[in-house]
Amino acid sequence: MENDPFAVSDYRGRFAPSPTGPLHFGSLVAAVGSYADAKFHHGKWLVRIEDVDVQRTVPGAARHILDTLEKLGMEWDEDVIYQNRRYKIYQEALEVLNQQGLLYPCTCSRREIADSSITGLYGFIYPGTCLNKPASTKNAHALRIQTPDEMIQFQDILKGFYAQRLRRDIGDFVLRRADGIYAYQLAVVVDDAAQNITHVVRGADLLDSTPRQIFLQRLLGYATPHYMHLPVVTNAAGEKLSKQTNAAPIDTANALRELVAALRFLGQEPPAEILDGDISSFWRWAIQNWQVNRIPNGCDRKP
Ligand code: GLU
Ligand code: ZN
């Protein structure tokens, strides 16, 4: 431990679920990975409810997720924050970006974007239609940010070197939708900074969002945290577990088994007898024996 470069008590990690349904095994893996890594480094672990998109939020889901985390013995160190109470803060950040002359209104429909864009590795690359031919702001419009051509790169703790050129690979992206909803990319950056997060541990489905987030951090004058992207859990059809793919909720009547399965998915090798103990003996073992170098960092896989 003494020689571990990350063994610092100012470690601040977080788990940031979207309350679109109950916790499932995929989100449990992110929770367990972020919790074990934070506690191994004697750090703090925070929980943030990412309910910025009210249309996707399911009433009662946030409470259900928090109850489940409690039953699994995962205690957060500071008050939970809720994105739907923070719109003013996102608007302020948007204004800072606007003062830099980087935002522009966009009135393109999904259809227009689909018809005019090329498809990149991560979806449609917006061709800048409304940048070149400014849209009227009288009607509902989204706000996009102009992306730079230069390479944005970082070193992921598990995945290693990762880089994108946002203009080429992603295109100008939306920070506030036409219905007024702030985009995940903006809210996550503002909140990771507001909570002084030093280590972001989350699923690798968000790896390709990270350069966009680093870009926004730089413009807003925020520090960039360390990133560790965990393998994503897929179902038998190879799809990421999610509400959309009907992932089963975590069974809190079998809390210990669920935790052990998540820990094993992360490549850790608890002894079989861990199942004879209880939740606190589980966590004692999981934290003391946490080894990042055992986490598989290759393809996404089934549990
Ligand atoms: N709210 C996002 C999700 O549930 C996670 C965001 C993050 O960890 O940055 O997929
Ligand atoms: Zn447009």
Side-chain angles (χ1 to χ4, degrees), residues 13-31 33-35 37-38 45-53 56-58 61-62 65 69 80-84 103-117 124-137 139-146 156 171-178 182-195 197 199-214 216-217 224-230 232-233 240-245 247:
R14 70 359 173 235
F15 174 54
S18 302
T20 55
L23 206 65
H24 53 73
F25 189 71
S27 38
L28 179 64
V29 165
S34 61
Y35 187 78
D37 199 59
W45 185 72
L46 313 188
V47 174
R48 175 169 77 233
I49 298 295
E50 297 212 319
D51 52 1
V52 69
D53 185 346
R56 289 182 60 225
T57 298
V58 171
I65 290 171
L69 292 174
V80 172
I81 72 169
Y82 292 81
Q83 291 189 323
N84 75 8
L103 304 188
Y104 64 91
C106 171
T107 51
C108 298
S109 64
R110 267 170 209 277
R111 184 62 203 263
E112 282 164 333
I113 293 172
D115 288 348
S116 62
S117 303
F124 293 126
I125 299 173
Y126 182 69
T129 318
C130 294
L131 175 66
N132 303 323
K133 193 169 161 293
S136 152
T137 52
N139 299 324
H141 56 274
L143 286 174
R144 286 185 188 270
I145 185 159
Q146 287 184 60
D156 187 87
D172 296 350
F173 55 98
V174 170
L175 295 185
R176 197 180 68 200
R177 298 186 337 208
Y182 296 93
Y184 157 70
Q185 304 292 355
L186 178 71
V188 74
V189 162
V190 169
D191 289 342
D192 282 338
Q195 295 188 293
I197 299 302
H199 290 71
V200 172
V201 177
R202 61 185 177 190
D205 52 312
L206 293 164
L207 183 64
D208 66 54
S209 287
T210 308
R212 267 170 280 181
Q213 294 173 14
I214 293 174
L216 295 177
Q217 286 155 5
T224 291
H226 299 279
Y227 286 97
M228 177 155 88
H229 286 91
L230 303 171
V232 170
V233 188
K240 180 194 159 207
L241 292 195
S242 70
K243 196 190 157 208
Q244 288 73 26
T245 56

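First listed ligand is number 1; within each ligand, the first listed atom is number 1. Residues: numbered from 1 along the sequence shown.
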**Request:** Give the residue, atom name and distance (to 0.1 Å) of the protein heavy atom nearest atom 6 (C) of ligand 1.
**Result:** Glu50 OE1, 3.1 Å
**Message:** Quick one, Glu112 and Thr129 - any side-chain contact, counting heavy atoms below 4.5 Å?
**Reply:** no
**Prompt:** Within a strict 4.5 Å, meaning less than it, do heavy atoms of the Arg14 and Val200 side chains meet?
**Reply:** yes
**Asked** Of all the atoms in ligand 1, which lie at a distance below 4.0 Å from a heavy atom belonging to Val188?
**Response** 9 (O)
**Angular separation of SG (Cys106) and OH (Tyr126) seen from the Zn ion (ligand 2), to 10°** = 100°
**Prompt:** Can you list the ligand 1 atoms lying under 4.0 Å from a non-hydrogen atom of Arg14?
**Reply:** 7 (C), 8 (O), 9 (O)
**Asked** Going by heavy atoms in the side chains, are His229 and Leu206 under 4.5 Å from each other?
**Response** yes
**Numbering as shown, the atoms of ligand 1 that approach Ser18 to under 4.0 Å (heavy-atom distance)** = 1 (N), 2 (C), 3 (C), 4 (O)
**Complete:** closest protein heavy atom to atom 5 (C) of ligand 1 is Ala16 O, 3.4 Å
**Asked** Any side-chain heavy-atom pair from Tyr104 and Asp172 closer than 4.5 angstrom?
**Response** yes
**Asked** Would you say Asp37's side chain and Val201's backbone share a donor-acceptor pair under 3.5 angstrom?
**Response** no
**Request:** May I ask you to test the Tyr227-Gln213 pair for a side-chain heavy-atom distance under 4.5 Å?
**Result:** yes
**Residue list, ring pair (Phe, Tyr, Trp, His ring centres under 6.0 Å) with Phe15, at least two apart or on another chain** = none
**Message:** One residue to check: Leu206. Relative to ligand 1, which of side chain, backbone, both or neither has a non-hydrogen atom less than 4.0 Å away?
**Reply:** side chain
**Item:** Sub-3.5 Å N/O-N/O distance, Arg202 and ligand 1
**Value:** yes
**Request:** Give yes if a backbone or side-chain nitrogen or oxygen of Tyr184 is under 3.5 Å from a nitrogen or oxygen of ligand 1, and no if not.
**Result:** yes
